[in-house]
S.K.: 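Submitted below is the structure of interest, expressed as structure tokens.
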Number of protein chains: 2
Amino acid sequence: MLLLGAASALVDGINAGIRARGFTDLRPAHGFAFVRLAPSGATVVELAEHLGVTKQAASQMADELVRKGYVARRPHPSDARARLLTLTERGWACTRAADEAASEVLRPWADALGADQVAAVRAALSALTVPGRIRPTW
Amino acid sequence: MLLLGAASALVDGINAGIRARGFTDLRPAHGFAFVRLAPSGATVVELAEHLGVTKQAASQMADELVRKGYVARRPHPSDARARLLTLTERGWACTRAADEAASEVLRPWADALGADQVAAVRAALSALTVPGRIRPTW
DNA sequence: CGAAATGGTCAACCAGCTTGACCGCCGTGT
DNA sequence: ACACGGCGGTCAAGCTGGTTGACCATTTCG
């Protein structure tokens, strides 16, 4: 119940922090896409699976991110059908900004609770969430 | 990050539990409405504020819930402009089903963590979430 | 080498929410 | 009393972001 409130506050806080840093044309859903693309890129279907939407929706979103300069569509190194979506320099800058914003949101929580309590909560939650899927829209 | 995963798992679990109990025509967003209506009813604008949407959207949702038999539109006792939205017996039955479903989701978590840890997490989170607003759609 | 499976796109459609306009009741001021 | 601004609620139109369905190119397997 209040788990939802905390999650909502976190997402809103990160989104506000990103906007404050100049990335005003992104929604929280885009952040979930960045999470999947950051490590080493991904294909459209991988992105779709990660976001829990159809591949068409993921492709549309990729279009938007390419148009706004956050993502590049490169040929896939080992499959001529596929295209590898990777972050551009602008995309990486936004990812760093998101990390900063997340730290800003978490800092007052850590101050209020104490480092050991925060660690305990993190450990408790990580012991639970088996799937790790994220559903941005209910 | 994994806070979101836990929240998502909770919502999905409750939704699945409700469907398993025969309420197949409801979405998670409806549950958030029930939370506001349960104590003593609410007006459309109060519901809209609670859900973070416009009053038109809240009114539409109220229409749907009335049509499906979960909510009744009664005249407001002290304001002829307003109408008081209250839960029907079917609405209350669904609320009870949701509570059961929530317990089912939480039980394995409590088993895995221990009661004291769960209490600590609850206390930690409740110390943080000042606003208590819920944004079902990002 | 041919058939089924996979990655991707195009097109049409739909649900849920928004903006804008409007009606009826409240409540305060003069 | 009563006129007028404010508030609760609905109607109508439009948009955004998603879905379903069809299709092409390439890969993979029998």
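Throughout, a chain's letter reflects where its sequence line sits, starting with A, and its residues are numbered from 1. Scope of the values below: all heavy atoms of this structure, side chains included, with no hydrogens, waters or symmetry mates.
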S.K.: Is B:Val66 reachable from B:Val53 through a run of I, L, V, M, F, W or Y residues, each pair having side-chain heavy atoms under 4.5 Å apart?
M.R.: yes

S.K.: Who are the side-chain hydrogen bond (donor to acceptor under 3.5 Å, both in side chains) partners of A:Arg96, not counting sequence neighbours?
M.R.: A:Glu89

S.K.: Send over the distance from A:Leu47 CG to C:dT6 P, rounded to a whole Å.
M.R.: 19 Å

S.K.: Considering residues at least two apart in sequence or located in another chain, which fulfil the side-chain contact (heavy atoms from CB on, under 4.5 Å) criterion with A:Thr54?
M.R.: A:Gln56, A:Ala57

S.K.: Apply side-chain contact (heavy atoms from CB on, under 4.5 Å) to A:Leu26 and list each qualifying residue two or more places apart in sequence or on a separate chain.
M.R.: A:Phe23, A:His30, A:Phe34, A:Leu65, A:Tyr70, A:Cys94

S.K.: In chain order, what residues pass the salt bridge (Lys or Arg N to Asp or Glu O under 4.0 Å) check against B:Arg81, with sequence neighbours excluded?
M.R.: B:Asp79

S.K.: Under 4.0 Å, heavy atom to any atom of DNA chain C: which of residues 76-84 of chain A qualify?
M.R.: A:Arg81, A:Ala82, A:Arg83

S.K.: Looking at CG of A:Asn15 and CG of A:Leu10, how far apart are the two atoms once the value is rounded to the nearest 0.5 Å?
M.R.: 11.0 Å

S.K.: Looking at DNA chain D, which of residues 55-73 of chain B put a heavy atom within less than 4.0 Å of it?
M.R.: B:Lys55, B:Gln56, B:Ser59, B:Arg73

S.K.: For DNA chain D, which residues in residues 33-46 of chain B have a heavy atom at a distance below 4.0 Å?
M.R.: B:Thr43, B:Val44, B:Val45

S.K.: Kindly write out the residues that satisfy side-chain hydrogen bond (donor to acceptor under 3.5 Å, both in side chains) with B:Glu104, not counting sequence neighbours, or none if the list is empty.
M.R.: B:Arg21

S.K.: Restricting to salt bridge (Lys or Arg N to Asp or Glu O under 4.0 Å), what partner residues turn up for A:Arg73, sequence neighbours left out?
M.R.: A:Asp63

S.K.: How long is the line joining CZ of B:Arg27 and P of C:dA15, in whole Å?
M.R.: 11 Å

S.K.: Got a sec, which residues hit side-chain hydrogen bond (donor to acceptor under 3.5 Å, both in side chains) with B:Arg74, two or more places apart in sequence or on another chain?
M.R.: none

S.K.: Can you give me every donor-acceptor pair (side chain of residues 35-48 of chain B, partner residue at least two apart or in another chain, under 3.5 Å) with its distance?
M.R.:
unit_1: B:Thr43; atom_1: OG1; unit_2: B:Glu46; atom_2: N; d: 3.3
unit_1: B:Glu46; atom_1: OE1; unit_2: B:Thr43; atom_2: N; d: 2.9

